[in-house]
Every structure is written in structure tokens, then in C-alpha cells.
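Worth saying up front: this structure is predicted, and the values here are computed from it rather than measured.
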Amino acid sequence: TRPSAMLTKACLMYTSSMQLLIHEGTFLDDPHGRQDALRKRHSTVREALDVAASINAEACMLTHFSQRYSHVSANDVSPVDANNSYPGNWGVACDGMLLPLTKRGMASLLQLTKCIDAIHSNCTQDDKL
């Protein structure tokens, strides 16, 4: 789904802030990903985080990644660069993931994502042995 000014406006009319936005971030924010996002009517990770910022979401869970990526890590997303306008908590979802919808659960999205990254890294290294 492409970012939509109409949806953002509707969200802000409903409430001044949201606890959690679950948004697809099908493509990474690189030139190829941005081009494919437009062409295939999906969002980049950056666009999803921009939507989260624009509706004042306290947390954003990124989902629905392109199959071109074998694993999307916190380092791939890198929302802490100078161009990022999203100050909230964020994380990368994976298949079968369960998340407690509590303040504490949402506050730990990035730490959870980094744990998943570490497990994936160890599994990948074991496969190479």
C-alpha cells in the first residue's frame, strides 16, 4: 500500500496519536527499492516510518517484506540517520511472531528485532560450517 495523505488525515481526525501502527515496508529505501515501491504500489521502510511519524504513532511494526530479501535486519532499516523524522519505537516483524500489545512490549520492538537479527546471523553462520 502506498502512503496516503487521505488515510493520514483520517487517522488524525480519529485520534491525535496511536499506540501502534502496523505498516508494510515491502522494500528497503534504496534507489531500486524506491522505484519498485512506486511501480508495484507498495511502501519503502522509510515511507512507513514517515507515516508513523505523521500520525504520531508511539510504535511502528514493519511487515510484508519483498521476497528478494532473505532477512530484513535492524541495520537494513537504519531509521536513525539524519533524514529520519520518526522518533518512536519500531521493529521488524517476522512470520509467526507474537508481540504483547503492552507499553513495555511496544517499547522493546527494536531490542526484539536485534535479537532476531542475532539468531538469524548465528543460523546463517552455522549453515556455512
Side-chain angles (χ1 to χ4, degrees):
T1 305
R2 294 291 305 146
S4 163
M6 287 179 21
L7 181 58
T8 298
K9 184 178 177 181
C11 288
L12 291 172
M13 287 176 57
Y14 178 72
T15 183
S16 62
S17 69
M18 292 189 180
Q19 290 183 321
L20 175 65
L21 173 67
I22 300 173
H23 199 295
E24 61 104 339
T26 304
F27 298 103
L28 298 181
D29 196 56
D30 57 32
H32 186 65
R34 287 189 294 273
Q35 181 181 20
D36 278 352
L38 287 170
R39 191 168 52 82
K40 296 180 179 183
R41 296 187 177 129
H42 285 287
S43 296
T44 66
V45 168
R46 165 81 53 226
E47 290 171 326
L49 292 174
D50 287 347
V51 169
S54 69
I55 64 170
N56 304 311
E58 293 176 27
C60 182
M61 179 61 80
L62 302 167
T63 66
H64 188 68
F65 301 102
S66 172
Q67 291 181 354
R68 80 171 61 155
Y69 312 117
S70 61
H71 174 73
V72 176
S73 76
N75 292 331
D76 293 324
V77 175
S78 67
V80 293
D81 65 35
N83 297 322
N84 181 39
S85 59
Y86 183 61
N89 296 305
W90 61 274
V92 174
C94 58
D95 290 345
M97 183 177 188
L98 298 175
L99 175 71
L101 296 179
T102 62
K103 291 272 188 192
R104 183 176 179 196
M106 289 187 288
S108 62
L109 292 177
L110 181 56
Q111 292 88 347
L112 178 61
T113 297
K114 288 180 179 180
C115 288
I116 293 169
D117 291 349
I119 291 167
H120 183 267
S121 177
N122 286 338
C123 291
T124 303
Q125 289 175 3
D126 288 347
D127 289 345
K128 292 178 183 176
L129 296 177

Notebook entry, point to check: If you count the non-hydrogen atoms of other residues, nucleotides and ligands that lie under 6.0 Å from CG in L20, is the total more than 12?
Noted result: yes
Q.
If we ignore hydrogens and angles and just use 3.5 Å, is the side chain of E24 paired with the main-chain N or O of T1 as donor and acceptor?
A. yes
Taken to the nearest 0.5 Å, the spacing of Q35 CD from K40 NZ works out to 10.0 Å
* To do: Starting from the C-alpha separation in whole Å, work towards a yes-or-no answer on side-chain contact (heavy atoms from CB on, under 4.5 Å) for N56 and L12.
  => CA-CA 8 Å; N56 304 311; L12 291 172; 3.9 Å; yes
With V51 as partner, the option from S4, C60, S43, P3 fulfilling side-chain contact (heavy atoms from CB on, under 4.5 Å) is P3
Salt bridge (charged side-chain N to carboxylate O under 4.0 Å, His left out) pairs touching residues 57-66, sequence neighbours excluded, are E58-K103
Residue pairs meeting ring pair (Phe, Tyr, Trp, His ring centres under 6.0 Å), one or both in residues 17-59, sequence neighbours left out, come to H42-H64
Residue pairs passing the salt bridge (charged side-chain N to carboxylate O under 4.0 Å, His left out) test with at least one member in residues 2-16, sequence neighbours excluded, are R2-E47
Closest heavy-atom pair, L21 versus A57, reported as atoms and distance to 0.1 Å, is CB-CB, 4.0 Å
Item to complete: With the side chain counted from C-beta on, respond yes when L28 and T44 share a heavy-atom pair under 4.5 Å apart, and no when they do not.
Response: no
